[in-house]
Amino acid sequence: MNTPIGILDSGIGGLSVLTEINSVLPEEKIIYFGDTANLPYGNKTPAQIQKFVFDILKFFKQKKVKAVVMACNTSSALVLDKARPCFDFPIIGVIEPAVREALKVIRTSQVALFANAATIESGVYDKIMKKYSDNKISVVGKACPYFVSFVESGIFSGAEVDRVVKRYLSAFDNVNADTLILGCTHYPFLEPAIKKADAGRFKLINPAHATALELADILKDKNLENRSGLTPDYKFYVTAQPEKFTETASQLLNKKIDQAYLINPRFSLQEA
Ligand code: DGL
């Protein structure tokens with residue numbers, strides 16, 4: 001089926017998931033939505049996040065997507081279960097794939113989680129980890145608000161990044177964990193800085209690859225794969241600052257993005 005896959009995130013971070021989807025499913029068309037006007041989701045209420053995400057899903061519906069990936073951990077934590085029965089396309093979240101991936105390598109009774117405040121407060125990572133580990137493993141979360149600002153500004157390394165990474169990691173000094181889940185799409189872009197600072201203590205889990213594999217399975221099961229043989233195109237939509245998005249996205253994807261369309265999903269559902 002030659003219709004697109006929708007990927008949503010609060011901003012540019014979801015490109016960490018798009019990259020994996022591109023490598024697992026290079027023939028698929030993609031519409032990427034970064035809700036940059038409402039970023040960060042981390043300090044919004046569950047009701048606000050639900051409203052933002054439903055608007056994006058309605059936009060995707062108009063675009064006739066065949067599946068949606070909620071790349072955003074916050075949306076996966078707070079909106080996924082409510083959204084699934086309301087739309088007729090499959091919606092894939094990142095938390096279950098992340099937990100399954102983590103369980104392949106964890107040898108401790110706790111697992112560390114970097115995420116934003118909204119995701120941690122939802123308790124969803126802990127709930128799913130307990131479910132899949134028969135209550136043997138619990139999640140210890142640390143909110144990392146500065147990470148999103150760094151990545152959105154195109155800053156991935158340097159003394160300031162190192163200092164903040166160290167401070168956030170120190171939250172796990174007395175925690176019995178050998179694995180750290182990067183529970184926000186933005187954080188994998190800081191993986192080199194995190195690796196440098198943790199000096200080999202943690203196995204780092206980026207949910208993106210396992211999510212892309214789950215999407216591939218679902219497309220196959222439902223017979224939705226693109227077999228048209230046409231070169232797929234990618235379209236980017238943002239709710240604020242399209243130029244800044246194209247600049248940082250080009251840097252992150254190592255490829256020039258010509259345009260991101262500026263859109264307000266609440267008022268411009270007919271756009272492009
Ligand atoms: N990228 C989003 C996520 O994966 C969160 C960033 C934000 O707080 O907006 O949860």
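All figures in this text were calculated on a predicted structure; none of them were measured in a lab. Ligands are counted one by one from 1 in listed order, and the atoms in each one are counted from 1 as well.
- The aromatic rings of Y32 and F245 are tilted relative to each other, their planes meeting at an angle between 30° and 60°.
- Annotation: side-chain hydrogen bond (donor to acceptor under 3.5 Å, both in side chains) contacts involving residues 164-173, sequence neighbours excluded, are absent.
- Within the structure, salt bridge (charged side-chain N to carboxylate O under 4.0 Å, His left out) contacts touching residues 131-151 (residues at least two apart or in different chains) are E96-K131.
- The residues lining ligand 1, counting any heavy atom closer than 4.0 Å, are D9, S10, L39, P40, Y41, G42, C72, N73, T74, N116, V148, C184, T185, H186.
- Less than 6.0 angstrom separates the ring centroid of F59 from the ring centroid of Y237.
- Between the side chains of T119 and N73, no donor-acceptor pair is found at a separation under 3.5 Å.
- For residues 214-224, the set of pairs meeting the salt bridge (charged side-chain N to carboxylate O under 4.0 Å, His left out) definition, not counting sequence neighbours, comprises R100-E214.
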